[in-house]
Structures are given as C-alpha cells and as structure tokens.
Amino acid sequence: MTTLVRGSDTLTRDALTVLQPGFVGTTAPDWLLRRIGEGLSSVGLFGRNVVGPEQLAALTARLRAERDDVLVAIDEEGGDVTRLEVNEGSSFPGNYALGHVDDIELTRAVAHELGRRLAVCGIDLNWAPSADVNSNADNPVIGVRSFGADPELVARHTVAYVDGLQAAGVAACVKHFPGHGDTSVDSHDALPRIDVDAATLHARELRPFRAAIDAGTKAVMSAHILLPALDPEHPATLSPRILTGLLRRELGFDGLIVTDGMEMRAVAATYGIERGSVLAIAAGADAICVGGGLSDEDTVLRLRDALVTAVRTGELPEERLADAAERVRALAAWTRAHRAGGTAPEPGAAPQEGTAPGAGAEVGLVAARRALTVTPGEAPFAPLSEAPYVASFTPVANFAVGDETPWGVAAELDRLLPGTRAGSYGTDATVDGVLTAAGERRVVAVVRDLHRHPWMSAVLDALLAARPDTVVVEMGLNESEPRGALYVATHGAARVCGRAAAEAITGR
C-alpha cells in the first residue's frame, strides 16, 4: 500500500483539481461554487449553459469570484459544433471549409477572432481544434470537423488555428489524439477501432499532432479509440503506451492532456466513469472531461472519491495525481497571466477588431464565401428572384454536433426572398411529399453528407427527375457528384455557410 506523504486535504484537492465537470443551467449552482472553493480548478461549459455573450461573461465572472485562477473550458469548434451560438448557428465556418480554402492566414484570422470572442466572455480553454485527418469519408462523427483528408493540409491548418487561438489568450486543445479520422463508429456510442500499421499512423494520424506540439499547443485531448498497432488492449485515453510513451516521451508534449468525455460509451460502457477516470490519470492524462451527459454534483463526488480511493489503495500513484494537478495549475497560471497582461480581453470588453491578419467581426462570413463551390447544371441558371420552397433532408445529428443548433439555408433565403417556405425531411421522406408541400414554388434541396445516406440520395434523384430546375445545396462532406440546376457545396453547415449559399442562389 502507498504511504501518503501529504494530508488528505491535499489529496482531495488534487483529485478535484484534475476534474473538468459540467453543470446544468445558465448560472452557477451553489454546489459548483462550493466545490470550486474546495479545490475544483476547472469548469466545462456546453450549449445548455449559454444564452448570449453578456450572460456568459457574468457566469464566468461569478466562477472567478470564487477562485480567480479557475479554468473555464468550452467545446467551441465553430462550424457545425458551436456552443457560443448554439441557438442561432455559428458566425464562423468549420475546419472543412477552412481546409477547402487552404489559406493558412485566413484560418489563423478566423481562430483569432473566435478566440477573442471566447476571451471576452471569460473563457480561456477551448477544446478545439480537431486535428483529425478525415481519411474515411464515411466517418460518422468527424467529417466536416476535420480540415480534410490530407495529413499535410490538416497539419498546417491545425498549427494556424492553434496560433490564432492562443494569440488571443485562449489555450488550444487539439483533438482527438492520436487521431479519430479513420473510424466508422462514433465513440459516443461504442469503441471505434483503427486497424492500420504503426507506420501509417505516424505518417497520417500523428502528423498534425506533431506539428501542433511543435507549435506550442497548450493542451491535447485524447480519443476513446482502439489502435492495436499502438496498444492492442487499451483505448488511447486509458493507454500508458499512447499517453505517456507516445505523446509525452516520443512526441515531447509537456502540456495538459485532457480526456474526451468520460461518460461516452466507448469507455463508460466497459469500465464505468469512476474506473475509467482512475485508469486515464494512471495512463498519463491530467484532466478528466465530464459533463456532456453527466452534469451533477454526484458525478463530481464519485470521481473525486474514486481518485482518492485509488491513491489510498496503491492503484494510482500519488505522485501521478499530484503531477496531473500541477499541470492543470500551470495552464491556469498561463491563462491568468494572459488576462492580467492584456493579451486576452477582459470579460465584458466591447468587441474590437482582431490583430491577426485579416481579422475582424466579418472574417467568418468572408471565409464562408470563399469556401463555396458553385457548379451550374447543363441549362443556363438564372438566380432565384421569387420565394422558393426549401426542402432540408436532415440526417440524425451526432452527439458532438447536437440537434439544438439550426442549420440550412431557409432562414437566409427568407431574409433575401421574403415568403420563403421550408420543410424538414427524414428517413421516411417521399418525393410526393416534397412536391405537394412545394406546390408551384422553385425547390431548393438541402442535403448533408449525401454520399452517406442512401435514403437521401434516392429522394433527391426522384426530386430532380420530377423538377430538373431544383437547386441542390450540400452542407456536409462534398463527396457526391454535383447535380441539379445549380449545385452549391458549402463545406459545412454553419449559419454563415447558409448565408453564403443564399447569396449564390439569389445572385446577391
């Protein structure tokens, strides 16, 4: 049994320090404030915690009234995964759009402006960007969250994103190490497996992470995936070989290692969140992300007690827990120094132009416009001048994206062509249903990852056979052949992508 060299209060504080929990509500609950006072050093925010910038700034200020060095983290990728603008859609296109444009200065400017907005709201750790190489076009969870399928492209844009975000005083957390791009399973639902050799992993998956580490990313998030070439037994989050051997020793990363959400079934279904958290810290992780699904005080207490018990029984070395806690405090010190030094705007500060090249409030829309690919059909296309019918074919959203954020082009078309009508269609959609709802109106068909959904492709083909003048807008991966009177690929479903598409359709 391990002999404790420090008091139980210190041990308990260290156990609280390594947790990054969430909570329910738009104000800080009493239990959360109390635990911050007892040593909890990080809080994770999700869409359910956000109403708007003023509310968010007040929330983070209240957290820091309890402890001025508390790390406030959020999952704000821009594009399809937004928490800042969860109710209206993001002002920034996501990684796939930025990778398509392939202008690293634009990517840096987008990340800087996003970081500036986060910092104004009092957020100093962003669980982004995704550094995954989306080599599997059928990947159900990464897709447009990746810069693309080319490792070198992903690497250079990951570096630009990290640079832009951290120049605004917000710590970047590149994810999902060692790479979630070649999976056909969503780790929210089950354990994905990547069966390629180590040479392929080093040349493809690891290249963006290596570049991000060299660029000084402050944090890395682990993936709940099994890579037999690296560790045939443990998923990456629980693997000493991967977190300590590969990430720490071989790649030389000295920052904060954060786990992906511990309640995700890829880990929780096999190990449970308590044992999974103990194994993750023992493997080399420094911070336990939890709160996307489990967001109450009991979860925090269960994980705290599991870590303390593991130290007392000798399962988890006390030195490892202390080291993890110290890395959390080191990152908190970096972010606090940026706030004190003026690198990051003070919460509540008025929006200002960013300092990165080309930055500013409109940089997201500029990027979305540049990301469009517009392909005319065989017949000459005249821009729409009358209110159309927008048929949005809606796949089931993965957990990371969520279904609360609106997407599509209907709202933006209605702004340009008042009276636009719209309908949403799922797997039971029929072409007759769409045509009946459309009536005499011109149809704009909006799809998302058309290549992955046979039902969607079948209905769209039938619709085009009946109405060849239909406009098609692809807002996911652009893997299908262009079709329709006009085919617009936005490379993502952010609000600004919808606006850019609406402008192209109407010739504005």
Side-chain angles (χ1 to χ4, degrees), residues 1-23 31-44 66-67 69-71 73 221-222 224 231 233-245 247-249 254-264 266-291 293-332:
M1 178 174 292
T2 299
T3 300
L4 298 182
V5 296
R6 297 173 299 148
S8 60
D9 286 349
T10 300
L11 178 58
T12 299
R13 290 186 73 85
D14 283 352
L16 283 170
T17 296
V18 303
L19 303 181
Q20 294 190 346
F23 63 95
W31 71 260
L32 182 64
L33 299 175
R34 185 169 61 254
R35 299 305 171 189
I36 290 173
E38 294 174 359
L40 185 67
S41 296
S42 306
V43 176
E66 292 296 321
R67 180 173 180 169
D69 64 344
V70 67
L71 273 173
M221 177 176 281
S222 66
H224 303 330
D231 187 332
E233 183 178 355
H234 302 103
T237 295
L238 311 183
S239 171
R241 293 187 191 179
I242 293 175
L243 296 190
T244 299
L247 182 53
R248 283 275 186 240
R249 295 174 184 158
D254 195 41
L256 190 75
I257 300 177
V258 184
T259 72
D260 207 344
M262 291 304 295
E263 65 267 59
M264 294 164 61
V267 167
T270 300
Y271 300 91
I273 62 167
E274 295 98 327
R275 177 151 181 75
S277 295
V278 169
L279 291 174
I281 297 294
D286 306 305
I288 301 296
C289 175
V290 66
L294 298 174
S295 50
D296 56 3
E297 183 178 20
D298 182 62
T299 298
V300 172
L301 297 181
R302 286 164 57 195
L303 296 184
R304 179 201 66 183
D305 293 347
L307 291 167
V308 170
T309 299
V311 170
R312 288 177 173 162
T313 61
E315 181 181 8
L316 175 63
E318 185 176 22
E319 296 78 9
R320 173 76 275 275
L321 180 61
D323 173 66
E326 186 53 39
R327 290 181 190 276
V328 174
R329 296 181 188 114
L331 181 56

Nearest heavy-atom neighbours spanning L243 and A280: CD1-O, 4.3 Å
Residues that T244 engages under side-chain contact (heavy atoms from CB on, under 4.5 Å), provided they are two or more places apart: R249
Straight-line distance of I36 CD1 to W31 CH2, nearest 0.5 Å: 8.5 Å
Results of side-chain hydrogen bond (donor to acceptor under 3.5 Å, both in side chains) for S239 - residues two or more places apart only: D231
Non-neighbouring partners of D254 that pass side-chain hydrogen bond (donor to acceptor under 3.5 Å, both in side chains), sequence neighbours left out: R327
Under the salt bridge (Lys or Arg N to Asp or Glu O under 4.0 Å) test, residues paired with E263 that sit two or more places apart: none
Results of side-chain contact (heavy atoms from CB on, under 4.5 Å) for A282 - residues two or more places apart only: L316
Single hit among T259, L256, L321 for side chain to side chain contact (heavy atoms under 4.5 Å, CB included) with V18: L321
Non-hydrogen atoms of A15 and L307 that approach each other most closely: O-CD1, 3.8 Å
Listed once per pair and sorted, the salt bridge (charged side-chain N to carboxylate O under 4.0 Å, His left out) pairs that draw on residues 275-285, sequence neighbours left out: R275-E315
Distance-minimising heavy-atom pair for V258 and C289: CG1-CB, 4.1 Å
Minimum side-chain heavy-atom gap L71-V43 below 4.5 Å: no
Whether R241 side chain and A283 backbone form a donor-acceptor pair below 3.5 Å: no
Test side-chain hydrogen bond (donor to acceptor under 3.5 Å, both in side chains) applied to T237 - qualifying residues, sequence neighbours left out: S222, H224
Pair D305-E274, side-chain contact (heavy atoms from CB on, under 4.5 Å): steps then yes or no: CA-CA 9 Å; D305 293 347; E274 295 98 327; over 6 Å; no
R304 side chain to T12 backbone, donor-acceptor under 3.5 Å: no
Pairwise distance CG(L16) to CD(E38) - rounded to 0.5 angstrom: 6.5 Å
Side chain proximity check, L279 to H234, heavy atoms < 4.5 angstrom: no
Point-to-point distance, once rounded to the nearest 0.5 Å, from CG of D286 to CG of D323: 6.0 Å
Partners passing side-chain contact (heavy atoms from CB on, under 4.5 Å) against P21 (at least two apart in sequence or in another chain): L19, L40, V290, V300
Close side-chain approach of R248 and I257, heavy atoms under 4.5 Å: yes
Test side-chain contact (heavy atoms from CB on, under 4.5 Å) applied to D296 - qualifying residues, sequence neighbours left out: D298, T299
Sequence-distant partners of R329, salt bridge (Lys or Arg N to Asp or Glu O under 4.0 Å), two or more places apart: D14, E326
Set of residues satisfying salt bridge (Lys or Arg N to Asp or Glu O under 4.0 Å) with respect to D69, sequence neighbours excluded: R67
Interatomic spacing from CD1 in I288 to CD in Q20 - rounded to 0.5 Å: 9.0 Å
Residue pair A287 / V328: nearest heavy atoms and the distance that separates them: CB-CG2, 4.4 Å
Closest non-hydrogen atom pair between G291 and S295, with its separation: O-CB, 3.7 Å
